[in-house]
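Note that these values count all heavy atoms, side chains included, but never hydrogens, waters or copies made by symmetry. A, B, ... follow the sequence lines: proteins, then strands. Residue 1 opens every chain.
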Amino acid sequence: MVLPMPVLPSARRSALRRRLLAWWDAGHRELPWRFPTGEADPYRVWISEVMLQQTQVAAVVPYYLRFLERFPTLEALAEASEDEVLARWSGLGYYARGRRLRAAAREMLARHGGVPRSREALAALPGFGPYTAGAVASIAFGLEEPCVDGNVARVLARLGCVEGAPEAPATRARLWALAAELVRGPRPGELNQALMDLGATVCGKAAPRCARCPVAPCCAARARGRERELPPARARRAPRRLEVACAVVVQGGRLLLERRPPGGLFGGLWELPGAEVAPGATAPAALAEALALRGLRVRVGKELARVERVLTHRRLALTAFRGSVARLPPPGGQLRLAAPEELPALALSAATRALVEALPASGRPAARRRIREEE
DNA sequence: AACACGGGGTA
DNA sequence: TACCCAGTGTT
């Protein structure tokens with residue numbers, strides 16, 4: 001990396017390093033992808049880092065365990081189908097991560113025979129940006145490479161009293177330069193993880209717990225009483241509204257699903273065949289029309305369930321209507337029928353899973369059998 | 001530089 | 001509700 005001139009006096013730099021590593025040694029969090037010093041498994045470190053992109057630790061842990069159970073090695077992941085990978089990613093969000101993970105696994109084996117051991121080679125792989133390349137290089141391979149995520153950016157902005165929006169290029173460059181200086185020396189992986197843990201558990205966004213902070217004496221923002229103001233919150237646009245109508249078509253006790261196109265929102269996932277409803281349009285009519293255009297002639301009945309979800313950039317509303325078809329298109333393509341017991345293992349978004357679970361018993365695939373059993 | 005891309009935790 | 005989270009890729 002090209003770095004600006006040093007910004008940390010060397011005495012201050014060693015004090016920070018010493019305090020951070022001592023704090024780490026005094027009791028860091030135990031997490032399933034963390035190993036004793038020098039015993040890191042690069043494959044596991046990589047999987048965890050990708051899952052942790054924009055996702056909090058507590059949310060990741062169960063998905064990580066489930067994923068490693070199915071794909072314990074790089075080879076297992078490289079041999080899996082995209083559908084299998086997405087199934088184990090189902091509910092975690094940002095599904096492009098799962099697709100890129102599989103693509104990178106295949107490329108790693110083809111070109112490097114394993115997880116490559118340099119920042120440059122890592123950064124060239126799908127799903128690796130500056131953060132993940134630095135994290136894997138330092139944690140898995142002990143290389144002196146910086147990584148700046150949201151937590152580290154906040155910690156460093158306070159430590160160095162760095163003004164300006166963290167996402168602005170000039171601020172980013174300063175924070176990365178700080179991180180690069182700080183990581184130089186023994187135990188780079190643990191130094192980086194200590195910075196991240198500090199941001200997650202002590203140097204919080206709204207209420208930094210400076211009394212418990214190992215580097216509070218070195219903190220420039222605290223010295224100026226500005227630790228609560230830095231870094232400035234970033235402006236966000238209001239989520240746009242997305243109204244979707246979908247059809248509950250049951251055939252032989254199985255539910256009709258359609259695969260979304262790769263890329264874009266929920267790319268590659270299965271969902272109830274549906275359509276966006278434009279503002280002012282009538283949902284059942286819009287649904288029937290859109291499905292007919294895709295070769296699926298559905299008679300749309302009454303509403304069965306509705307769920308709403310707020311994503312970062314969308315306010316998503318899904319409404320399910322009973323649907324009946326005279327004849328299904330030939331199998332293959334993007335349609336499939338799924339039995340109720342298959343649903344837990346399918347690649348569905350959290351919203352679609354919630355919608356299916358919200359269906360009244362009369363609308364669900366198992367309904368007919370259950371009614372007969374009661375007779 | 002701005003936007004798309006999920007879902008859940010926290011105050 | 002608002003903000004953010006172990007970010008990356010596209011336009």
Do the non-hydrogen side-chain atoms of A:R29 and A:R34 ever get within less than 4.5 Å of each other?
-> yes

Scan A:G91 against the nucleic acid and name what it touches under 4.0 Å (heavy atoms): base, sugar-phosphate only, or nothing.
-> sugar-phosphate

Rounded to whole angstroms, how far apart are NE2 on A:H313 and C1' on C:dG7?
-> 14 Å

On DNA chain C, more 5' by nearest nucleotide between A:G127 and A:A233 is A:A233

Report the C-alpha distance between A:E229 and A:R226 in whole Å, list the side-chain angles of each, state the deciding distance to 0.1 Å, and finish with yes or no for salt bridge (Lys or Arg N to Asp or Glu O under 4.0 Å).
-> CA-CA 5 Å; A:E229 301 160 28; A:R226 307 212 43 215; 3.0 Å; yes

How do A:A206 and A:L265 order along DNA chain B: which one's closest nucleotide is nearer the 5' end?
-> A:L265

CE of A:M196 versus C1' of C:dC5: gap in Å, rounded?
-> 13 Å

Considering only side-chain heavy atoms of A:T132, which listed nucleotide, C:dT8, C:dA6, C:dC5, is closest?
-> C:dT8

So what does A:N192 hit on the nucleic acid, given a heavy-atom distance under 4.0 Å: a base, only sugar-phosphate, or nothing?
-> nothing

May I ask you to say what A:A59 touches in the nucleic acid, namely base, sugar-phosphate or nothing, with a heavy-atom cut-off under 4.0 Å?
-> nothing

How is A:A350 classified with respect to the nucleic acid when contacts are heavy atoms under 4.0 Å: base, sugar-phosphate, or nothing?
-> sugar-phosphate

Using a 4.0 Å heavy-atom cut-off across all strands, classify A:L92 as base, sugar-phosphate, or nothing.
-> base

B:dG7 and C:dT10, which share atom name C1', separated by this distance in whole Å = 22 Å

When you check the phosphate oxygens OP1 and OP2 of C:dG7, does a side-chain N or O of A:Q54 lie under 4.0 Å from one of them?
-> yes

A:G264 near the nucleic acid: base, sugar-phosphate alone, or nothing, with a heavy-atom cut-off under 4.0 Å?
-> sugar-phosphate

OP1 or OP2 of C:dC5 under 4.0 Å from side-chain N/O of A:R154 | yes

Using the P atom as the reference point in each nucleotide, state the distance between C:dT11 and B:dG6 in Å, no decimals.
-> 16 Å

For the pair made of CG in A:L101 and P in C:dG9, what is the distance, rounded to whole Å?
-> 12 Å

Test ring-ring contact (aromatic ring centres under 6.0 Å, His included) on A:W33 and A:Y64 and set out the steps.
-> CA-CA 8 Å; A:W33 48 86; A:Y64 173 86; 5.1 Å; yes

With sequence neighbours excluded, what pairs up with A:N151 under the side chain to side chain contact (heavy atoms under 4.5 Å, CB included) test?
-> A:D149, A:R154, A:A200

Whichever of A:G93 and A:Q56 has its nearest DNA chain B nucleotide further upstream toward 5' | A:G93

More than 12 heavy atoms of other groups within 6.0 Å of A:R315 CZ | no

Is the number of heavy atoms from other residues, nucleotides or ligands within 6.0 Å of CZ (A:R299) greater than 12?
-> no

So, is A:R236 close to the C:dC4 phosphate, meaning a side-chain N or O under 4.0 Å from OP1 or OP2?
-> yes

Under 4.0 angstrom, heavy atoms only, what part of the nucleic acid is A:L269 near: base, sugar-phosphate, or nothing?
-> nothing

For A:S349, report the nucleic acid contact type (base, sugar-phosphate, nothing); a contact means any heavy atom under 4.0 Å.
-> sugar-phosphate

Looking at every strand, decide which applies to A:W89 at a 4.0 Å heavy-atom threshold: base, sugar-phosphate, or nothing.
-> nothing

Taking CG from A:L311 and C1' from C:dC3, how many angstroms apart are they, rounded to a whole number?
-> 15 Å

5' priority, DNA chain C, between A:F128 and A:R34 [closest heavy atom] = A:R34

5' to 3' contact window, DNA chain B with chain A (heavy-atom distance under 4.0 Å) = B:dA1 to B:dG9

Whole-Å distance between C:dT8 P and A:R97 CZ?
-> 11 Å

What's the CZ-C1' distance between A:R100 and C:dT8, to the nearest Å?
-> 6 Å

Please report, rounded to the nearest Å, how far the C1' atom of C:dT8 is from the CE atom of A:M51.
-> 16 Å

When all nucleic acid strands are considered with a 4.0 Å heavy-atom cut-off, which category describes A:R240: base, sugar-phosphate, or nothing?
-> sugar-phosphate

Under-4.0 Å salt bridge between A:R336 and A:E342 | yes

Check whether any side-chain heavy atom of A:E271 lies under 4.5 Å from a side-chain heavy atom of A:S349, and answer yes or no.
-> no

Quote, to the nearest angstrom, the C1' distance that separates B:dC3 from C:dA6.
-> 22 Å

Distance in angstrom units between A:L31 CG and C:dC5 C1', rounded = 15 Å

Mind checking whether A:R99 and A:L86 have side chains closer than 4.5 Å, heavy atoms only?
-> yes

